[in-house]
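Working notes for the structure below.
Below, read A as the first sequence line, B as the second, and so on, with proteins coming before strands; counting in each chain starts at 1.
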Amino acid sequence: MARILITSALPYINGIKHLGNLVGSQLPADLYARYNRARGHEVMFICATDEHGTPAELAAAKADKPVADYCAELHDVQAKIAADFRLSFDHFGRSSSPQNHALTQHFAGQLADNGLIEEVSDKQVYSVADGRFLPDRYIEGTCPNCGHEGARGDQCDECTKQLSPTDLIDPYSTISGSKDLEVRETKHLFLRQSKLRNDLDAWISAKTDWPILTTSIAKKWLHDGDGLRDRGITRDLDWGVPVKRGTADWPGMEGKVFYVWFDAPIEYIGATAEWAETQGLEDDAWQRWWRTDKGADDVRYVQFMGKDNVPFHTLSFPATIMGSNEPWKLVDYIKSFNYLNYDGGQFSTSKGRGVFMDQALSLLPSDYWRWWLLSHAPENSDAEFTWENFQASVNKDLADVLGNFASRVTKFCRSKFGEVVPEGGTYGDAEQALVDTLTTRIKTYGDHMDAMEVRKSAAELRAIWVAGNEYLQAAAPWSAIKTDPEAAAASIRLSLNLIRLYAVLSSPFIPDASADLLAAMNTTDDSWPTDVTAALQTLPAGHAFTVPEVSFAKITDAQREEWQEKFAGTRD
RNA sequence: GGGCCUGUAGCUCAGUUGGUUAGAGCAGAGCGCUCAUAACGCUUUUGUCGCAGGUUCGAGUCCUGCCGGGCCUACCA
């Protein structure tokens, strides 16, 4: 039994995430977590809300709530939706937790002790009306290059020129619209990750089995221009982890907090500590996942994230870990994803374009979304969600191939033998051929899942479902029943066991339907098949079952058109 | 501007270190079955592998150039 630590990139706190966010990190991480649990491994699956930073403060202000209250509320909202999507986190934490505060301050202290923190005085734009320093992109004005009037302080979208806020003509705050801006001097801590460049480069270069997407982004940052640059890790904000050097005050840093991108990945550790607390366990319970001197040596640590998160997970966070000079667990594998687009354009949180997690669940059960999203995961390039494709895929795969199989077998059995596994007959060549096919395919399925090849796993699972229909067609118990009832009984006995097997194999993708099928088969045996012949004898003759409800109702053309219309515009 | 990814059947995608007649699912066509959510099974049509050169006995695969799509470019997170 292996021990596997799985983290999903932290969803930001300022609202409900869309399907593109979901498929880029949380959902594939859940697939991997469920699969490894099913294989009998010890899994720690961690996620949390990322709660600090300017957008959180502004969202709270807009909602007219104290930021702490706002984050607490949105955390609960996100936790509820995650649970409804059957994301099986062992703990869904908060980056604002006391554990993360302490850990973040601890890491900063270690880094400072090791000469990896530098104090840098910088000039930043301060908005008097807003009473805060503004990140570059919260300042807009006229582009000095092309004259575009809506240029942001970091870049002009019109001519794509890189800008500094002070370059802008007639700059104003995008928060208040105020032009009462001034440049103020402010001091910040910088992580001297440039000093770790060679270590990081060697580490990344050794990861030859990582997705190209992951390593190419890391190498770009390592080698671009003068190489990896140092990074500011503090901000002038109220909401966040106060800057401290371990437990001691940090002279000159009063009133400042750590930058959200410094404390967010540390929350992977913090959330595991939160988990221990909620379980009433001591520190060693979480440290055995994270400290190689306390049992984490044999842990395999896998991270899931969208490509936008890759630089922080390949460089900044490892620099924090390495630079601490303490035996913290470094990531072993980073699975990164491209973006999912929506019907010809991008999903957009700010523009409310696309389908959001809560809306999705108001239309259909989570399994529909899980199946489509995972079987179309944007692994090699950006992928696109269209309602036509969604309808066609879900109807065919889930309703016709899998759902109908369970339906035709159980209903036939009920009408001919009653709701009990029939006895009699023996297995022959057709059954052996099926076993051989399944043995091969289940092995392939497992290999793809181990490799986190999400689309290929889905395709193989589907092929396993198809094998059942092929067998049934060849065995044709509806014909056999007339001349050789024993043969029909044997086919149906096998097919009923096949339903149970499908429920087990499918559970990482579609946990609710799998649970329903197991319940209908009146069994709690969800053990992963190692010997297919044995697995297909789990339900013995005489075992009672019930005909399951229709697992997957089809999406009608009318529904599809209605949803297409409904989500074409923007979210209220 | 620079870097990276990508372009394969009508659609969504596989194609290992270059090696025979380029594959899968869906859609289309034909046949079969009738237990089942008009579901299932079998058979089957379609490709100048973005374009143009080059290397090679041999290129979807390697090299160069061009065209199209996308992402990143360090103060959004």
Side-chain angles (χ1 to χ4, degrees), chain A residues 9-14 50 52-56 58 122 124-125 133-139 152-155 160-162 164-165 188 193 211-213 215-217 219-221 223-225 228-232 235 259-261 264 306-312 315-316 338-339 341 346 349-350 375-376 378-384 386 388-389 392-393 395-416 453 455-456 458-459 462-463 466 468-481 488 491-492 495 547 549-554:
Chain A
L10 307 188
Y12 198 65
I13 192 68
N14 68 341
D50 178 12
H52 299 138
T54 306
L58 296 180
D122 201 9
Q124 291 194 344
V125 175
F133 283 95
L134 295 178
D136 291 357
R137 67 172 51 199
Y138 284 92
I139 302 158
R152 289 196 318 268
D154 57 340
Q155 184 177 43
T160 72
K161 186 178 174 58
Q162 306 276 314
S164 156
H188 282 297
Q193 48 188 17
I212 294 170
L213 184 64
T215 49
S216 66
I217 291 173
K219 287 181 176 173
K220 171 65 158 63
W221 282 55
H223 302 296
D224 190 40
L228 187 60
R229 296 176 222 168
D230 294 339
R231 241 190 130 79
R235 288 292 183 273
Y259 180 33
V260 53
W261 260 113
K307 58 185 168 186
D308 52 332
N309 273 316
V310 168
F312 304 99
L315 304 168
S316 303
N338 286 285
Y339 292 144
N341 291 318
Q346 293 189 333
T349 302
S350 57
S375 61
H376 294 79
E379 290 177 296
N380 293 324
S381 61
D382 290 353
E384 175 158 318
T386 64
E388 288 86 355
N389 188 302
S393 298
N395 284 355
K396 191 70 190 173
D397 299 347
L398 297 181
D400 295 347
V401 177
L402 176 64
N404 182 53
F405 178 78
S407 188
R408 66 194 296 205
V409 170
T410 52
K411 286 182 179 172
F412 180 81
C413 185
R414 179 173 61 186
S415 76
K416 305 299 181 190
E453 293 273 10
R455 279 184 185 231
K456 289 180 181 175
R462 186 188 189 282
V466 167
N469 284 310
E470 288 171 352
Y471 165 75
L472 211 54
Q473 183 66 30
W478 49 89
S479 299
I481 192 78
S491 298
I492 291 301
S495 298
V547 173
E549 298 294 314
V550 167
S551 305
F552 297 100
K554 292 200 189 191

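Nucleic acid contact for Lys220(A): base, since at least one base atom lies under 4.0 Å from a heavy atom of the residue. Base engagement by Lys554(A) is indicated by at least one non-hydrogen atom pair under 4.0 Å involving a base atom. No contact: Phe405(A) has no heavy atom under 4.0 Å from any strand. Across all strands shown, Ser551(A) has heavy atoms under 4.0 Å from base atoms, whether or not it also approaches the sugar-phosphate. Using a 4.0 Å heavy-atom distance criterion, Val466(A) is classed as a sugar-phosphate-only contact. Among the heavy atoms of the strands, none lies under 4.0 Å from Ala392(A). Using a 4.0 Å heavy-atom cutoff across all strands shown, Asn341(A) reaches no nucleic acid atom at all. Among the heavy atoms of the strands, none lies under 4.0 Å from Lys219(A). When heavy atoms are screened at a 4.0 angstrom cut-off, Pro55(A) is found touching the sugar-phosphate backbone but no base atom. Among the atoms of the strands shown, none is found under 4.0 Å from any heavy atom of His223(A). Residue contacts for Asp230(A): at a heavy-atom cut-off of 4.0 Å it reaches no nucleic acid atom on any strand shown. Nucleic acid contact class of Val260(A) (heavy atoms, under 4.0 Å, all strands): sugar-phosphate only.
The separation between Leu213(A) atom CG and U73(B) atom P is 13 Å, rounded to whole Å. Separating the CG atom of Asn309(A) from the P atom of U73(B) is a distance of 11 Å, rounded to the nearest angstrom. If you take CZ of Phe412(A) and C1' of C33(B), they are 13 Å apart, rounded to a whole angstrom. A38(B) atom P lies 11 Å from atom CG of Asn395(A), rounded to whole Å. In this structure, Glu453(A) atom CD and G15(B) atom C1' are separated by 13 Å, rounded to whole Å. Atom NE2 of His188(A) and atom C1' of A74(B) are 16 Å apart (whole Å).
Remark: U16(B) base-pairs with no nucleotide in the shown strands. Criterion, Watson-Crick or G-U wobble with two distances under 3.5 Å. Figure legend. A38(B) is base-paired to no nucleotide; pairs are counted as Watson-Crick or G-U wobble with both atom distances under 3.5 Å. The base-pairing partner of A29(B), taking Watson-Crick or G-U wobble contacts with both distances under 3.5 Å, is U43(B). The base-pairing partner of U64(B), taking Watson-Crick or G-U wobble contacts with both distances under 3.5 Å, is A52(B).
Using a 4.0 Å cut-off, some side-chain N or O of Tyr339(A) falls inside it from OP1 or OP2 of C72(B). Within the 4.0 Å cut-off from OP1 or OP2 of G15(B), at least one side-chain nitrogen or oxygen of Lys456(A) is found. Regarding contacts with the backbone of C40(B), a side-chain N or O of Lys396(A) is found under 4.0 angstrom from either OP1 or OP2. Between C76(B) and Arg137(A), a contact under 4.0 Å exists linking OP1 or OP2 to a side-chain N or O. Note on Tyr471(A): every side-chain N or O is 4.0 Å or more away from OP1 and OP2 of C40(B). Within the structure, every side-chain polar atom (N or O) of Arg455(A) is placed at least 4.0 Å from both OP1 and OP2 of A14(B). Side-chain N/O atoms of Arg231(A) include one lying less than 4.0 angstrom from OP1 or OP2 on C75(B). The side chain of Lys411(A) contributes an N or O atom lying less than 4.0 Å from OP1 or OP2 of U37(B).
With hydrogens and angles ignored, no donor-acceptor pair under 3.5 angstrom links the side chain of Asp400(A) to the base of C26(B). With hydrogens and angles ignored, a donor-acceptor pair under 3.5 angstrom links the side chain of Gln124(A) to the base of C75(B). A donor-acceptor contact under 3.5 Å is formed by the side chain of Arg229(A) with the base of A74(B). At a cut-off of 3.5 angstrom, the base of A36(B) holds at least one donor-acceptor pair with the side chain of Asn404(A).
If you check C76(B), C13(B), G70(B) against the side chain of Lys307(A), the one that comes closest is G70(B). Residue Tyr12(A) places its side chain closer to A77(B) than to any other of C26(B), C35(B), A77(B). Closest approach to the Asp382(A) side chain among C71(B), A14(B), A36(B) is made by C71(B) (side chain taken as heavy atoms from C-beta onward). Side-chain proximity of Gln473(A) to the nucleotides U12(B), C72(B), C33(B) is greatest for C33(B). With A77(B), C75(B), C26(B) as the candidates, the nucleotide lying closest to the side chain of Arg462(A) is C26(B). The side chain of Asp122(A) lies closest to C75(B) when the candidates are C75(B), C13(B), A14(B).
The two atoms that bring Val260(A) and His52(A) nearest to each other are CG2-O, 3.6 Å, heavy atoms only. In terms of heavy atoms, Ala399(A) sits closest to Phe552(A) at CB-O, 3.5 Å.
Separating the C1' atom of U37(B) from that of U21(B) is a span of 41 Å, rounded to the nearest Å. Nucleotides A9(B) and G65(B) place their C1' atoms 28 Å apart, quoted to the nearest Å. Straight-line distance between the C1' atoms of C31(B) and U45(B): roughly 15 Å, to the nearest whole Å. When the C1' atom is compared between U55(B) and A22(B), the two are found 22 Å apart, to the nearest whole Å. Taking atom P on both nucleotides, C71(B) is separated from G30(B) by 43 Å, rounded to a whole Å. Rounded to a whole angstrom, the distance from the P atom of G41(B) to that of C26(B) is 8 Å. Nucleotides A14(B) and C75(B) are separated by 41 Å at their C1' atoms, to the nearest Å. Rounded to whole Å, the separation between the P atoms of C11(B) and G7(B) comes to 14 Å.
Considering CG of Leu472(A) and CZ of Arg408(A), their distance stands at 4.5 Å, rounded to 0.5 Å. The line from NZ of Lys307(A) to CG of Asp382(A) is 4.0 Å long, rounded to the nearest 0.5 Å. A distance of 15.0 Å separates NZ in Lys219(A) from CG in Asp224(A), rounded to the nearest 0.5 Å. Of the inter-residue distances, the one linking His376(A) atom NE2 with Asn389(A) atom CG reads 4.0 Å to the nearest 0.5 angstrom.
Comparing Lys416(A) and Pro311(A) by the nucleotide of RNA chain B that holds the closest heavy atom to each, the one mapping nearer the 5' end is Lys416(A). Heavy-atom nearest nucleotides on RNA chain B were determined for Ile212(A) and for Asp136(A), and the one closer to the 5' end corresponds to Ile212(A).
Counting only heavy atoms from C-beta outward, the side chains of Asp308(A) and Tyr339(A) approach each other to under 4.5 Å. In this structure, the side chains of Leu402(A) and Ser551(A) stay at 4.5 Å or more apart for every pair of heavy atoms.
Classified by interplanar angle (parallel below 30°, tilted 30° to 60°, perpendicular above 60°), the ring pair Phe312(A)/Trp261(A) is parallel.
Here Trp478(A) packs flat against the base of C35(B); its ring centre is closer than 5.5 angstrom to the base's six-membered ring, tilted by less than 30 degrees.
No donor-acceptor pair closer than 3.5 Å links the side chain of Ser407(A) to the backbone N or O of Gly403(A).
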